[in-house]
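This one's a predicted model, so the numbers in the text were calculated from it and none came from an experiment. Positions are given from 1, in the same order as the sequence printed here.
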Amino acid sequence: MKRKRKAMILVLILLLALLIPIRLVYKDGGSIEWRAVLWQVRKFHRIEDNGYRVGTRITLFMGYVTIYDDTVIVPYEPDV
């Protein structure tokens with residue numbers, strides 16, 4: 001019984017370690033990423049050659065499966 005309980009506690013700790021995110025802030029215009037081993041959420045606000053990339057992307061399994069992506073490039077409008 002003790003062995004089964006220790007195994008369950010170990011599995012629970014491993015699952016928590018796979019699901020707890022780390023927050024990353026990029027210096028590309030304001031993008032933020034929350035990344036865990038099994039999932040990641042990225043909120044874009046990135047400066048590119050022809051404008052800004054804005055939106056949100058949610059992926060699973062280290063970026064291999066995209067489940068939500070609404071990123072668009074907003075054209076840059078220079079001041080007149």
Side-chain angles (χ1 to χ4, degrees):
M1 191 66 167
K2 283 189 176 186
R3 188 175 202 170
K4 201 179 251 189
R5 184 178 176 125
K6 285 182 183 180
M8 290 295 283
I9 290 172
L10 182 64
V11 167
L12 182 66
I13 290 171
L14 287 173
L15 281 175
L16 285 175
L18 294 175
L19 296 174
I20 294 175
I22 296 172
R23 182 175 181 237
L24 301 168
V25 179
Y26 295 101
K27 295 181 179 179
D28 62 352
S31 296
I32 300 173
E33 180 176 359
W34 293 272
R35 181 185 292 182
V37 175
L38 294 179
W39 60 271
Q40 75 183 49
V41 175
R42 193 168 195 185
K43 294 189 71 85
F44 288 98
H45 191 272
R46 180 180 8 188
I47 300 170
E48 294 189 355
D49 293 337
N50 54 352
Y52 291 95
R53 178 179 297 271
V54 293
T56 303
R57 181 180 295 154
I58 301 172
T59 59
L60 297 176
F61 306 115
M62 297 187 285
Y64 291 111
V65 179
T66 301
I67 59 172
Y68 181 76
D69 188 3
D70 73 342
T71 58
V72 294
I73 296 179
V74 178
Y76 175 70
E77 297 176 8
D79 293 335
V80 177

Visitor: Could I get the full list of side-chain contact (heavy atoms from CB on, under 4.5 Å) partners for Leu24, not counting sequence neighbours?
Guide: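 Leu24: side-chain contact (heavy atoms from CB on, under 4.5 Å) contacts with Ile22, Tyr26, Glu33, Arg35.
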
Visitor: Sequence neighbours left out, cut at 3.5 Å: what donor-acceptor pairs do the side chains of residues 55-64 make with other protein atoms?
Guide:
unit_1	atom_1	unit_2	atom_2	d
Arg57	NE	Asp69	OD2	3.4

Visitor: Shared ILVMFWY cluster between Tyr68 and Trp34, side chains joined below 4.5 angstrom?
Guide: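 They do share one cluster, since a chain of ILVMFWY contacts under 4.5 Å joins Tyr68 to Trp34.
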
Visitor: To the nearest 0.5 Å, how far apart are CZ in Arg53 and CD1 in Ile47?
Guide: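 Going from the CZ atom of Arg53 to the CD1 atom of Ile47 covers 13.5 Å.
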
Visitor: Here's a test for you: under side chain to side chain contact (heavy atoms under 4.5 Å, CB included), which of Ile73, Val54, Thr71 qualifies with Phe44?
Guide: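 In the set Ile73, Val54, Thr71, the residue that makes a side chain to side chain contact (heavy atoms under 4.5 Å, CB included) with Phe44 is Thr71.
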
Visitor: Atom CG of Leu10 and atom CG of Leu15: how far apart are they, to the nearest 0.5 Å?
Guide: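 One gets 10.0 Å once the value is rounded to the nearest 0.5 Å.
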
Visitor: For Leu19 and Trp39, what are the C-alpha separation, side-chain angles and deciding distance, and is it a side chain to side chain contact (heavy atoms under 4.5 Å, CB included)?
Guide: CA-CA 7 Å; Leu19 296 174; Trp39 60 271; 4.1 Å; yes

Visitor: In this structure, would Leu38 and Leu12 fall into the same cluster of hydrophobic residues linked by side-chain contacts under 4.5 Å?
Guide: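 Leu38 and Leu12: separate clusters.
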
